[in-house]
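Everything below concerns the one structure shown next.
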Protein chains: 2
Amino acid sequence: MSQTVPQPPASPDSSSLPALRVAVLGAGTVGTEVLRLIAQQGDELAHRIGARLEVTGVAVRDRTKDRGEHVPAALLTDDPSALVREADLVIEVMGGIEPARALLLEAMEHGASVVTANKALLAQDGASLYEAADVHGVDLSFEAAVAGAIPLVRPVRESLAGDRIQRVMGIVNGTTNYILDAMTRTSADFGDALASAQELGYAEADPTADVEGHDAAAKASILASLAFHSRVRLADVHCEGITSVSAQDIAAAGRMGRTIKLLSIVERVEEENGERISARVYPALIPDSHPLASVSEAYNAVFIEAEAAGSLMFYGQGAGGAPTASAILGDVVSAARSRVHGGVGPRESRYAELESIPLEELRSAFYISLTVQDRPGVLAEIAGTLSGYGISISTIHQELLHSREEGSQALAHIGISTHRALESAMTASLDMFSSTATVLSIDSVLRIEGD
Amino acid sequence: MSQTVPQPPASPDSSSLPALRVAVLGAGTVGTEVLRLIAQQGDELAHRIGARLEVTGVAVRDRTKDRGEHVPAALLTDDPSALVREADLVIEVMGGIEPARALLLEAMEHGASVVTANKALLAQDGASLYEAADVHGVDLSFEAAVAGAIPLVRPVRESLAGDRIQRVMGIVNGTTNYILDAMTRTSADFGDALASAQELGYAEADPTADVEGHDAAAKASILASLAFHSRVRLADVHCEGITSVSAQDIAAAGRMGRTIKLLSIVERVEEENGERISARVYPALIPDSHPLASVSEAYNAVFIEAEAAGSLMFYGQGAGGAPTASAILGDVVSAARSRVHGGVGPRESRYAELESIPLEELRSAFYISLTVQDRPGVLAEIAGTLSGYGISISTIHQELLHSREEGSQALAHIGISTHRALESAMTASLDMFSSTATVLSIDSVLRIEGD
């Protein structure tokens, strides 16, 4: 056996290649990682592109802050507008709606292609960005905006472009998955799990965008638009967060062989006279045996069902500096190749113009839990109400609640899972429960998915 | 609640769009599905592309055979050469090396872009195809050649183009996974499991390409070339099939909390003076808890580890008419968009020119099983041999074999798992065992992966 180790190939020399001017907007966790990768893999990237990436500036709010070796102070600028006007490629990782929106429009107007991770901006005003890209003949890419490092935008937009996507269902927010996973493992309630996620850096000081489902809803609107070739606005996405998921809900799910996950679901709904689409985000009970049930901690995973491809699953890190930077650089290489070799990336595709179906017209299976008076006939009354609205019960779990005070009325807790029923029928049933003395409180209303 | 269902959008009219001439080579299971999708989704595809796909002919060997409604007899031709010379896009689903190779070269020479599912051809002579695409400025795409419907080629080539892939490990052959899964579930031996797979259509009448690992090796060579920007030929891939995996091996793996899967592994091997790459296919014992262990039946799944992205997993159907057709049509839409909007798809990227490391220089953990004389000192002798070659033992399982004949020598079966050791050291140990009277037979040599 020969022990000779060949000399490593000389690091390919890229100095003779032309340069592309790259502007970076933002130098937080993701921006810093983007700059690190460009610095460390510059020669490799140049050979993949056919041109060198030359970072011409990094726009930040505070130029005096030290940002480590990969963000040279000389590149920092607080004039992002001047920076983007002279760029071939603009990488936007500053987040927020403004000034990001204005800067990207300005960049495209001056002929730069844009790579962004800004899901909130895309969900809120993707239309004007797409239009600007179209008018000015530049690329607009945003792989990093959905599910971090997981290649998802490109597969949906390109790999499945010859297929008919029926449904996309996934866990696309790492923070809420971390919290629900912790609640499941430790029986903690939401507040404690959130506090511990914040301590460990998995949740932000203001966790609203994550725990209320807004982040997942923005991603759902992007995925639905791509999957169904229609413009799906953030307002079209029904959104419920996880703040009201209780330790009792998790325990009840466990008894049913199920796990609670925050799901983003976008799907075609075939109807008699055609089809509409649904995009929604809510916590749901899925079977423990479902592949999404075992997605732990802050990981993301997405299922896609397409007519010809069948079921596909993608799994990986949905957030974090390096994973997000990986997705951004993939887009940068593509956009840069377009610059060098001609051609344009995919444009907005909305020829199908499918309408969104309002939530109340959808059919879902439910888990509801109620606190009721413990007396004969209560169960029959509740079952009767549901049945009156065409809702059929799958399982019932009843538990006597021990009251702490002498002489107080006897109470029971009832957990009911239903077969699929119209959302509007469930709403009507719950209204009825609210107005009856028998039901003291409606403790939870959750959907059941994945069967 | 309004029950009004909006009228379905009028099927978008594509008749005013320009046409692209599409030639299809082959009308087997995959070809038929490709034609079905083009026929059924023609208008949708036209809007995604900006041009209509007009199938100008389908090359088959036997023009008289009826191929169903989606393969009109009028399109059948037995002159593929004339067909490809007049095409804008050629879809090759005939398989085999010739005449596929000559036809694709002829197509590109005449300016057509090519979409192929032909892994054997790409692995054997990808270089000349890439070169022709380059010289003639056309696209060469082959998503369907690796892992069927699972978007894998595009993510590796494009989504991860800004990252540094360290390792790809996956199950990329459905037939062998079906057989190993059946052996695991039913304790059947290889022959019976193969026969049943053949009956059910999961294995071909001549299963050689699958069970000997050749198909998986072709895919490994394609993946390694893309992942490491180097030309990795089929001959560079170490290939072992599953024909010698026994029911005893599966049972032994089970005792160790492991499952046997046929893995395709391609990875960078960092060395003192640089790096080389390894591409190999062999059956290996992986922990039951590893996500690849639960990939059942004919499904495929692939893990990718990249520097910035971390671990990614892709899962789906790796074969079959419709899934393969989905992957092909994704490529067709991309190549067609290049025709309409300009630009070219990714070219061969081999600037890194990394060399392949010979298997014997790699380090692996092993499971070996031996039939030995049952007498004092045998275990010490075997352990001594291994230790002499620097191989350290992790676990030993010994079982007395009951001999059927009176007076015959007492035999034992020994199963040994080792820590990671040089392949060449294991080869030398096995040579030594072969030449000693103590060891009557070497029953299995399998690697252990996924820890």
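Each chain gets a letter, A, B and so on, in the order its sequence line appears, and its residues count up from 1.
No other option in B:Ser349, B:Pro346, B:Pro358, B:Gly321 has as many heavy-atom pairs under 4.5 Å with chain A as B:Pro346. Of the residues considered (A:Gly316, A:Ser159, A:Pro155, A:Gly310), A:Ser159 shows the highest number of contacts with chain B, using heavy-atom pairs under 4.5 Å. Counting heavy-atom pairs closer than 4.5 Å to chain A, the top residue among B:Glu33, B:Gln40, B:Arg36, B:His341 is B:Arg36. Contacts with chain A were tallied for B:Val333, B:Thr427, B:Thr324; B:Val333 has the most, counting heavy-atom pairs under 4.5 Å. With chain A as the partner, the residue from B:Ala309, B:Ala149, B:Ala306 showing the most heavy-atom pairs under 4.5 Å is B:Ala309. Highest contact tally toward chain A, considering only B:Ala308, B:Gly343, B:Gly330, is held by B:Ala308 [criterion: heavy-atom pairs under 4.5 Å].
A:Glu143 places a side-chain N or O within 3.5 Å of a backbone atom of A:Val153 that can act as its donor or acceptor partner. For A:Asn300 (side chain) and A:Gln317 (main-chain N/O), no donor-acceptor pair under 3.5 Å exists by modelled atom type. Side chain of A:Ser230 to main chain of A:Phe228: a donor-acceptor pair is present (N/O by atom type, distance under 3.5 Å, no hydrogens or angles). With A:Asp236 contributing its side chain and A:Ser356 its backbone, the two residues share no donor-acceptor pair below 3.5 Å. Panel note: side chain A:Ser294, backbone A:Pro291; a donor-acceptor pair is recorded below 3.5 Å.
Taking the side chain as every heavy atom from C-beta outward, A:Ile38 and A:Leu329 approach each other to under 4.5 Å. Side-chain atoms of B:His229 and A:Arg48, non-hydrogen and from C-beta on, do get closer than 4.5 Å to each other.
Within the 4.5 angstrom heavy-atom criterion, only side-chain atoms of B:Gln41, from C-beta onward, approach chain A. For a residue to count as touching a neighbouring chain, one of its non-hydrogen atoms must lie under 4.5 Å from one of that chain's; by this rule A:Ile150 touches chain B with backbone and side chain alike. Heavy-atom distances place both the backbone and the side chain of B:Leu160 under 4.5 Å from chain A. Both the backbone and the side chain of B:Leu312 come within contact range of chain A, each with at least one heavy atom under 4.5 Å from a heavy atom of that chain. With a threshold of 4.5 angstrom between heavy atoms, A:Ser311 approaches chain B through N, CA, C or O but not through any side-chain atom. For B:Arg164, the parts lying near chain A are the backbone and the side chain together; criterion is any non-hydrogen pair under 4.5 Å.
Proximity of the aromatic rings of A:Tyr315 and B:Tyr315 is defined here by a centroid distance below 6.0 angstrom, and this criterion is not met.
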